[in-house]
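Note that these values count all heavy atoms, side chains included, but never hydrogens, waters or copies made by symmetry. Order of the sequence lines fixes the chain letters, A, B, ..., with proteins taken first and strands second; residue numbering starts at 1 for each chain.
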There are 2 protein chains.
Amino acid sequence: MKSAVEPLKARRIYLLLRDRIVAGELPPGGRLPGEPALATEHAVSRVTVRRALDLLEKEGLVQRKAGSGTFVHDTRAVRPIVADLSNVLSHLIDMGRSTDVKLLSFGYGIPPESIAESLGLKPGERVQRSVRVRLIDGEPFSYLTTHVPEWIGLTYSEAELAARPLLELIERSGVTTERATQAINATLAGPEAAAALDLEIGSPLLTLTRIVYEPSGRGVEHLHALYRPDRYSFHMDLVRTGNDGERRWSPALGWPRTTEKAERKKADKSKTDKSKLGEKPTRSTRAIKQRS
Amino acid sequence: MKSAVEPLKARRIYLLLRDRIVAGELPPGGRLPGEPALATEHAVSRVTVRRALDLLEKEGLVQRKAGSGTFVHDTRAVRPIVADLSNVLSHLIDMGRSTDVKLLSFGYGIPPESIAESLGLKPGERVQRSVRVRLIDGEPFSYLTTHVPEWIGLTYSEAELAARPLLELIERSGVTTERATQAINATLAGPEAAAALDLEIGSPLLTLTRIVYEPSGRGVEHLHALYRPDRYSFHMDLVRTGNDGERRWSPALGWPRTTEKAERKKADKSKTDKSKLGEKPTRSTRAIKQRS
DNA sequence: CAAAGCTGTATTATCCATCATACAGGTTCC
DNA sequence: GGAACCTGTATGATGGATAATACAGCTTTG
């Protein structure tokens with residue numbers, strides 16, 4: 001008799017309350033039901049409820065006051081870094097935030113078949129594979145695995161890859177990059193990505209898979225990116241296009257990024273709010289675990 | 001002494017192997033290390049390794065042969081439904097697949113503050129809130145929560161909402177929808193969404209938050225969508241634009257969706273593979289729990 | 001102040017995931 | 001055939017998550 005892999009009850013309640021809070025069912029600043037009430041309501045013990053509340057508190061979603069109750073933290077939810085759909089980070093630098101890159105792995109070899117296929121390589125053709133982590137203000141937010149055909153990869157050094165954008169190096173080699181396709185999806189963090197991004201195993205991640213082609217149609221870069229959703233997300237402005245029968249949304253290209261300044265303000269604000277709390281709770285998760 | 005919330009070891013190994021397989025480190029069709037080898041390698045018992053392999057097998061990533069070994073399933077990874085970034089499903093219908101909508105909840109009330117703010121409502125202004133699930137070929141793939149100002153929501157009935165696209169109803173009411181902003185992110189499935197999407201609690205989900213504005217700048221729709229990543233993902237074609245100093249990717253609007261037919265074939269194939277597996281085990285978790 | 005409610009903390013018992021081990025049966029290879 | 005693998009299955013032991021309970025200390029309310 002195989003028992004179902006039941007997620008820990010504390011986690012179940014944590015996710016339930018988290019959804020209620022971010023959905024706004026529990027008004028910000030309001031008190032949520034007492035621990036005994038929650039325990040009976042969800043048919044678990046109070047200890048388990050406390051575990052769930054511990055997680056919520058660590059994420060800054062609630063604030064507990066001994067003798068009084070547990071309250072929904074009324075500061076705006078922490079906004080992730082904003083990236084437009086073309087995945088450009090330049091405006092972050094404009095905002096005076098420092099980005100950095102750590103090169104975790106670098107080497108040449110035969111690529112997995114799925115990547116060879118998407119790059120249009122001949123069987124046995126070699127590629128350069130690299131794994132990098134991007135940091136903003138010292139905190140990791142993306143985990144990038146790239147595969148580039150060997151004849152391109154050889155035109156730059158390992159040190160250059162660690163210092164400059166990969167696409168810039170590819171274009172410097174004489175290749176013109178014209179077209180690309182990308183897909184955005186979600187997955188769970190495995191052990192390596194979790195360690196690199198300073199997350200728990202099993203945390204949710206945004207994924208971006210992009211293949212860049214040169215005009216002839218050959219692939220020149222295969223990028224697989226994992227993003228921390230609390231520090232990164234894709235934003236875009238849309239306009240309604242098409243005639244009456246077939247109306248749809250299209251990305252606003254005119255670059256009327258009217259929200260840009262507003263987003264920037266929000267980001268700054270949330271940042272200060274957060275530091276006001278003292279310790280950044282997300283960050284210390286692992287450390288706390290170690291100590292106890 | 002608070003014990004560390006260690007993710008289940010079976011899950012840890014499952015994620016590790018999953019990453020290795022999808023990254024292609026283990027060649028498709030190849031045999032992965034035997035269960036005893038994996039057990040000693042990761043310092044767990046063989047029972048735990050088997051749990052991880054059970055999960056991988058259930059997802060169709062590996063195939064086990066008694067007496068022989070466990071092999072990476074060489075069918076192409078299951079491709080999710082493709083949606084372009086404007087999130088249009090019309091081409092799915094063109095492809096002869098049936099979509100359906102289930103209305104889970106419908107009502108009026110005061111919205112949470114974050115939604116009221118993003119819609120630009122006055123304090124106390126009421127909204128219509130609805131929760132819907134979208135199915136494709138009978139399988140749920142998205143969980144949609146929408147908030148619409150009351151004066152718009154009153155122009156259509158509950159039955160109409162269950163039958164027609166919300167945006168169509170909004171436009172029918174005389175409102176012109178011009179602009180929208182959206183953000184794509186990732187999160188974990190809470191109990192309600194997990195049940196509606198036929199998933200385990202804690203599964204990864206793609207999120208899309210879109211706010212639609214009328215020309216005056218007032219918000220007319222707040223959409224929060226959760227997507228099953230194995231059944232849905234965002235695809236887009238990009239072209240390189242801008243002059244030399246400031247080059248970036250922009251979405252290709254010309255609609256040269258050359259991959260469309262290929263994707264369709266893949267999707268159909270994966271579907272048959274899946275039904276071949278017989279019972280879907282994910283669903284029965286809750287029932288099992290009740291009994292014990 | 002006193003009562004009622006809340007969070008913080010500790011204790012003991014139970015249940016389930018994991019471990020270590022053993023054995024049965026299939027496959028591969030010599 | 002037989003040795004050396006492999007997966008499938010069952011066993012009892014162990015540790016951690018959870019349950020049930022009790023109590024201390026704080027806050028709010030009357």
Chemist: Mind checking side-chain contact (heavy atoms from CB on, under 4.5 Å) for Pro33(A) and listing every partner two or more places apart, or none if nothing turns up?
Modeler: Ala37(A), Leu38(A)

Chemist: Applying side-chain hydrogen bond (donor to acceptor under 3.5 Å, both in side chains), name anything that partners Thr146(A), two or more places apart in sequence or on another chain.
Modeler: Ser130(A)

Chemist: By side-chain hydrogen bond (donor to acceptor under 3.5 Å, both in side chains), which residues pair with Thr209(B), not counting sequence neighbours?
Modeler: His224(B)

Chemist: Less than 4.0 angstrom between a side-chain N/O of Arg50(B) and OP1 or OP2 of dT7(D), yes or no?
Modeler: no

Chemist: Does Arg50(A) have any side-chain hydrogen bond (donor to acceptor under 3.5 Å, both in side chains) partners at least two apart in sequence or in another chain, and if so, which?
Modeler: Glu35(A)

Chemist: Are any of Thr48(B)'s side-chain N or O atoms less than 4.0 Å away from OP1 or OP2 of dA17(C)?
Modeler: no

Chemist: For Thr40(B), which residues count as a side-chain contact (heavy atoms from CB on, under 4.5 Å) partner, sequence neighbours excluded?
Modeler: none

Chemist: Considering only heavy atoms, which members of residues 34-45 of chain B lie under 4.0 Å from some atom of DNA chain D?
Modeler: Gly34(B), Glu35(B), Pro36(B)

Chemist: Without decimals, in angstroms, what is the distance between Arg51(A) CZ and dA20(D) P?
Modeler: 15 Å

Chemist: Who pairs with Thr48(B) by side-chain contact (heavy atoms from CB on, under 4.5 Å), at least two apart in sequence or on another chain?
Modeler: Lys9(B), Ala10(B), Val44(B), Ser45(B)

Chemist: What pairs with Arg20(B) under salt bridge (charged side-chain N to carboxylate O under 4.0 Å, His left out), at least two apart in sequence or on another chain?
Modeler: Glu41(B)

Chemist: So which heavy atom on Glu200(A) is nearest to which on Ala189(A), and how close?
Modeler: O-CB, 4.1 Å

Chemist: How close or far is atom C1' of dG25(D) from atom NZ of Lys65(A), stated in whole angstroms?
Modeler: 17 Å

Chemist: Under 4.0 Å from OP1 or OP2 of dC16(C): is there any side-chain N or O of Lys9(A) that close?
Modeler: no

Chemist: Rounded to whole angstrom units, what separation is found between the CZ atom of Arg12(B) and the P atom of dC19(C)?
Modeler: 11 Å

Chemist: Judged by each residue's nearest nucleotide on DNA chain D, which is more toward the 5′ side, Leu32(B) or Val47(B)?
Modeler: Leu32(B)

Chemist: Kindly say if Arg64(A) contacts the phosphate of dG8(C), meaning a side-chain N or O under 4.0 Å from OP1 or OP2.
Modeler: yes

Chemist: At 10 degrees resolution, what angle do the end axes of the helix from dC1(C)-dG30(D) to dC30(C)-dG1(D) form when each is taken over five base pairs?
Modeler: 30°

Chemist: Rounding to a whole Å, what distance do you find between Arg11(A):CZ and dG16(D):P?
Modeler: 20 Å

Chemist: For nucleotides 27-30 of chain D, give me every protein contact, N/O to N/O, under 3.5 Å, one pair per line with atom names.
Modeler:
{"residue": "dT27(D)", "atom": "O4'", "partner": "Gly67(A)", "partner atom": "O", "Å": "3.3"}

Chemist: I'd like to know if Arg31(A) reaches the base of dG5(C) with its side chain such that a donor and an acceptor end up less than 3.5 angstrom apart.
Modeler: no

Chemist: Using the salt bridge (charged side-chain N to carboxylate O under 4.0 Å, His left out) criterion, which residues pair with Glu150(A)? Sequence neighbours excluded.
Modeler: Arg126(A)

Chemist: Without decimals, in angstroms, what is the distance between Arg46(A) CZ and dC6(C) P?
Modeler: 10 Å

Chemist: Apply side-chain hydrogen bond (donor to acceptor under 3.5 Å, both in side chains) to Gln128(A) and list each qualifying residue two or more places apart in sequence or on a separate chain.
Modeler: Tyr108(A), Tyr156(A)

Chemist: Classify the ring geometry of His147(B) against His222(B): parallel below 30°, tilted from 30° to 60°, perpendicular beyond 60°.
Modeler: perpendicular

